[in-house]
Amino acid sequence: MSQQFIVVDEAAEAPPYRQIVDQLVSAIERGDLKPGAPLPTVRQLAGDLGIAPNTVARAYAELQESGWLVSDGRRGTHVADDAPKRDRTERARALRDTVTKFVETLRQRGFTSQEVSIALRQAEGDT
């Protein structure tokens with residue numbers, strides 16, 4: 001699961017725990033993670049991502065507090081059956097903000113708008 005859904009980018013502005021939170025919420029909203037779906041243990045996910053277990057624990061704790069995940073000692077951590085939904089306006093804003101930051105980072109690295117556009121179309125074709 002972790003390799004499929006979660007990637008921690010050390011160069012990103014957002015701290016690793018925030019990247020995990022955002023990516024898990026997105027996976028749940030897209031339906032890639034269904035209600036009741038199990039998540040890896042804190043230790044397993046930390047090892048897979050090459051980060052400290054406390055980072056994953058912090059992300060899981062935040063997601064539990066906000067109702068996205070449920071933890072049951074014996075069953076482990078899994079997606080809540082009644083996970084919250086972000087409203088469409090918030091979701092659209094989050095997408096716009098993320099894309100804006102992404103494009104600005106690429107421009108700062110010297111890429112033109114045309115190069116970015118071509119790369120995005122190619123990436124979309126790869127998925």
Side-chain angles (χ1 to χ4, degrees):
M1 188 232 92
S2 61
Q3 296 302 322
Q4 189 173 6
F5 291 107
I6 301 174
V7 176
V8 172
D9 180 1
E10 294 296 326
E13 281 185 38
Y17 90 91
R18 173 57 44 202
Q19 293 178 50
I20 294 168
V21 167
D22 291 345
Q23 290 177 51
L24 283 173
V25 167
S26 293
I28 294 167
E29 288 184 324
R30 283 191 313 269
D32 293 339
L33 286 173
K34 307 281 186 217
L39 278 92
T41 65
V42 166
R43 189 176 300 234
Q44 179 184 347
L45 184 56
D48 289 349
L49 297 175
I51 60 176
N54 286 345
T55 302
V56 176
R58 181 176 179 186
Y60 278 15
E62 184 172 313
L63 289 164
Q64 288 172 28
E65 288 174 17
S66 56
W68 292 95
L69 300 181
V70 176
S71 182
D72 174 1
R74 294 192 339 209
R75 284 189 53 215
T77 302
H78 56 277
V79 176
D81 289 333
D82 55 349
K85 302 281 187 229
R86 291 191 289 187
D87 68 43
R88 289 181 182 209
T89 303
E90 179 185 344
R91 187 171 157 85
R93 182 183 50 77
L95 175 61
R96 184 182 62 248
D97 291 349
T98 301
V99 169
T100 300
K101 287 177 185 176
F102 172 69
V103 170
E104 182 58 32
T105 299
L106 292 173
R107 285 188 181 147
Q108 289 173 357
R109 292 182 178 177
F111 294 100
T112 66
S113 294
Q114 183 178 12
E115 289 173 315
V116 172
S117 180
I118 289 168
L120 285 172
R121 282 195 301 274
Q122 288 173 338
E124 187 176 49
D126 291 344
T127 59

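All values derive from a computational prediction rather than experimental measurement. Below, each value reflects all heavy atoms present in this structure, side chains not excepted, and no hydrogens, waters or symmetry copies.
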How close do [X] and [Y] get, heavy atom to heavy atom, and via which atoms?
X: Y17; Y: A59; result: O-CB, 3.6 Å
X: P84; Y: G67; result: CD-O, 3.3 Å
X: H78; Y: G36; result: CB-O, 3.6 Å
X: Q64; Y: S71; result: NE2-CB, 3.4 Å
X: G110; Y: E115; result: O-OE1, 4.1 Å
X: V42; Y: P53; result: CG1-O, 3.2 Å

For this session: State yes or no: do L45 and V70 share one hydrophobic cluster built from I, L, V, M, F, W and Y residues joined by side-chain heavy-atom distances below 4.5 Å, directly or via other members?
Result: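 L45 does not cluster with V70.
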Answer yes or no: are there more than 12 heavy-atom neighbours, outside [X] itself, under 6.0 Å from its atom [atom1]?
X: R109; atom1: CZ; value: no
X: R58; atom1: CZ; value: no
X: E104; atom1: CD; value: yes
X: Q108; atom1: CD; value: yes

Exercise. Do the non-hydrogen side-chain atoms of P38 and R75 ever get within less than 4.5 Å of each other?
Worked result: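 No - every pair of side-chain heavy atoms lies 4.5 Å or more apart.
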For this session: Please examine the side chains of E10 and I51, heavy atoms only from C-beta on, and report whether any two atoms are closer than 4.5 Å.
Result: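 Result yes, sub-4.5 Å side-chain heavy-atom pair found.
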Exercise. Counting only N and O atoms by type, is there a donor-acceptor contact under 3.5 Å from the side chain of S66 to the main-chain atoms of E62?
Worked result: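 Judged by distance alone, yes, a pair lies under 3.5 Å.
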Exercise. Only one of L63, L33, L24 clears side-chain contact (heavy atoms from CB on, under 4.5 Å) with V79; which?
Worked result: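 So, applying the side-chain contact (heavy atoms from CB on, under 4.5 Å) to V79 and each of L63, L33, L24, only L33 qualifies.
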Quick check for you: to the nearest 0.5 Å, what is the distance between [X] atom [atom1] and [Y] atom [atom2]?
X: R93; Y: T98; atom1: CZ; atom2: OG1; answer: 9.5 Å
X: D48; Y: T41; atom1: CG; atom2: OG1; answer: 8.5 Å
X: D32; Y: Q23; atom1: CG; atom2: CD; answer: 11.5 Å

Exercise. Can you name the salt bridge (charged side-chain N to carboxylate O under 4.0 Å, His left out) partners of R96, sequence neighbours left out?
Worked result: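 Counting only residues at least two positions away or on another chain, R96 forms no salt bridge (charged side-chain N to carboxylate O under 4.0 Å, His left out).
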For this session: Report the C-alpha distance between I20 and V56 in whole Å, list the side-chain angles of each, state the deciding distance to 0.1 Å, and finish with yes or no for side-chain contact (heavy atoms from CB on, under 4.5 Å).
Result: CA-CA 7 Å; I20 294 168; V56 176; 4.1 Å; yes
Exercise. In the hydrophobic cluster built from side-chain contacts under 4.5 Å, what are the other members alongside L106?
Worked result: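 Traced through the cluster, L106 reaches L95, V99, F102, V103, F111, V116, L120.
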